[in-house]
Amino acid sequence: MESNEAGSMLRDAGLRVTAPRLAALEALGDHSHATVDEVYERVATGLPGTSLQAMYVVLAALTGAGLVRRIEPAGSAARYELRIGDNHHHVVCSLCGAVEDVDCVVGEAPCLMPSHTSGYLVQTAEVTFWGLCPACRALETGDDAVASVPAAAPHDQPVRS
Ligand SMILES: [Zn+2]
Ligand SMILES: [Zn+2]
Ligand SMILES: [Zn+2]
């Protein structure tokens, strides 16, 4: 992301344009689903005056202004991303914690409607798909080729020649 693009995002959201905010937006543009630590690592060299604590404050402000979405898969530190407003979901690796986007099954919130809502007006459903990422699948089976095998490939068929 260009600085001027990040700057107009901030201005459009009514936030003052500051170097740490610009740097955080640019870092998230390069690396989605980053933790605060990861954002800090990316901005620290260009912004020697910043701190991890400052990045917590910056990301909270960006999240509060709706520029950044915060997700927190169970057992993981909070992660931040710029992809907002499309009700997309996530698939998380239960071994290494890798996170990828998956499009919303129906494309809008709430993606799922419970059969009984106890009188609540349901507005969103946050769906997390759990599984093994390609790298962990390859480790688990000791087979590098598994990463390119479709998930539905039959593994139980005897091989005949
Ligand atoms: Zn994994
Ligand atoms: Zn995402
Ligand atoms: Zn959905």
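We count ligands from 1, going down the list as the structure has it; atoms in each ligand are counted the same way.
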Check: [X] side chain, [Y] main-chain N or O, donor-acceptor pair, under 3.5 Å:
{"X": "Ser8", "Y": "Asn4", "result": "yes"}
{"X": "Ser76", "Y": "Glu72", "result": "no"}
{"X": "Glu38", "Y": "Thr35", "result": "yes"}
{"X": "Arg21", "Y": "Arg16", "result": "yes"}

Before you tell me yes or no, could you show the steps for Ile84 and Val68 under side-chain contact (heavy atoms from CB on, under 4.5 Å), namely the whole-Å CA-CA distance, both residues' side-chain angles and the distance that decides it to 0.1 Å? CA-CA 7 Å; Ile84 53 170; Val68 165; 5.7 Å; no
Residue and atom, protein N/O/S, under 2.8 Å of the Zn ion (ligand 3): His89 NE2, Cys104 SG, Cys111 SG
Crowded around Glu5 CD? As in, over 12 foreign heavy atoms under 6.0 Å? yes
Determine, for Arg79 against Asp101, whether the closest basic-nitrogen to carboxylate-oxygen distance falls under 4.0 angstrom. no
So how far is it from Leu22 CG to Met9 CE, rounded to the nearest 0.5 Å? 10.5 Å
Atom name of the N, O or S atom in Glu81 that lies nearest to the Zn ion (ligand 2): OE1
Can you name the N/O/S atom of Asp101 that is nearest the Zn ion (ligand 2)? OD1
If I only include protein atoms of type N, O or S, how many are less than 2.8 Å from the Zn ion (ligand 1)? 4
Looking only at side chains, do Glu81 and His90 share a donor and an acceptor under 3.5 Å apart? yes
Side chains of His31 and His33 only: does a donor on one sit below 3.5 Å from an acceptor on the other? no
If you round to 10 degrees, what value do you get for the angle at the Zn ion (ligand 2) between His90 atom NE2 and His33 atom NE2? 90°
Nearest heavy-atom approach of Ala24 to Val58 is CB-CG1, 3.7 Å
